[in-house]
Structures are given as structure tokens and as C-alpha cells.
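Input: a single structure, listed below in C-alpha cells.
These figures come from a predicted structure and were not determined experimentally. Values reported hereafter were calculated over all heavy atoms of this structure, with side chains retained and with hydrogens, waters and symmetry mates removed.
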Amino acid sequence: MEKFLIIQQVKSKIGILPKHKAILKGLGLRYINHIVQRKKNKSILGMIKKISYMLKVK
């Protein structure tokens with residue numbers, strides 16, 4: 001059974017670093033309060049750690 005993470009964007013991408021914008025795009029997040037479901041693996045956890053200040057993870 002695979003583990004999944006539910007990721008929600010809670011802050012705007014206006015005024016953040018270009019690398020952080022790329023991470024949001026890689027996760028599939030487009031706008032504030034957008035929610036996506038991703039498989040739990042090392043690459044996704046690393047992305048979440050980089051931009052944890054603008055995400056909520058369940």
C-alpha cells in the first residue's frame with residue numbers, strides 16, 4: 001500500500017525566488033488553497049522541505 005501526502009498551497013507565489021516557483025510547478029500547485037495528492041518519496045519530501053513556509057501538508 002502506497003503512502004500519499006495531501007499538499008495545500010497557503011501563500012502566494014508573488015515575490016518568491018524563481019527556484020521556489022519552479023518547485024511549486026513541479027508539485028503541481030497553481031494557486032492559493034490549491035490541493036494536490038502526491039506519493040510520498042524522497043524527492044517530494046525534499047521539495048516540501050524547501051518551500052515549507054508556503055505549504056500545509058496533511
Side-chain angles (χ1 to χ4, degrees):
M1 185 170 164
E2 301 242 1
K3 299 267 184 163
F4 287 92
L5 297 170
I6 298 170
I7 307 164
Q8 179 179 8
Q9 181 180 343
V10 294
K11 286 185 75 178
S12 172
K13 61 183 176 181
I14 297 172
I16 66 170
L17 296 172
K19 284 185 178 183
H20 291 191
K21 283 185 185 180
I23 291 171
L24 280 175
K25 188 174 182 181
L27 288 171
L29 294 165
R30 298 182 183 141
Y31 48 85
I32 298 173
N33 291 325
H34 190 206
I35 298 173
V36 293
Q37 185 175 357
R38 297 287 174 250
K39 289 182 183 177
K40 185 176 181 181
N41 58 38
K42 288 184 180 184
S43 61
I44 297 295
L45 292 175
M47 292 170 130
I48 291 170
K49 188 175 180 181
K50 286 273 189 182
I51 58 169
S52 62
Y53 65 94
M54 59 188 323
L55 301 177
K56 185 192 291 184
V57 181
K58 298 175 187 174

Give, for atom NZ of K25 and atom CZ of R30, the distance between the pair rounded to the nearest 0.5 Å. 10.0 Å

Reported CG-to-NZ distance for the pair L55 and K11, which is rounded to 0.5 angstrom: 10.5 Å

Between the CE atom in M54 and the CD1 atom in I16, the distance rounded to the nearest 0.5 Å is 4.0 Å

Intermediate values then yes/no, side-chain contact (heavy atoms from CB on, under 4.5 Å), K39 and F4: CA-CA 4 Å; K39 289 182 183 177; F4 287 92; 3.5 Å; yes

Return the minimal non-hydrogen interatomic distance between H20 and K50, and the atom names on each side. CE1-O, 4.0 Å

If I take atom CG from residue L5 and atom CG from residue L27, how far apart are they, to the nearest 0.5 angstrom? 10.0 Å

For the OH atom on Y53, are there more than 12 heavy atoms of other groups (residues, nucleotides or ligands in this structure) within a distance under 6.0 Å? yes

Rounded to the nearest 0.5 Å, what separation is found between the CG atom of L24 and the NE2 atom of H34? 11.0 Å

When I48, I44, I6 are each screened for side chain to side chain contact (heavy atoms under 4.5 Å, CB included) with V57, the one that passes is I48

Hydrophobic cluster membership, with links at side-chain heavy-atom distances under 4.5 Å among I/L/V/M/F/W/Y: are I51 and V10 in one? no

Rounded distance [0.5 Å steps], CD1 in I23 versus NZ in K13: 13.5 Å

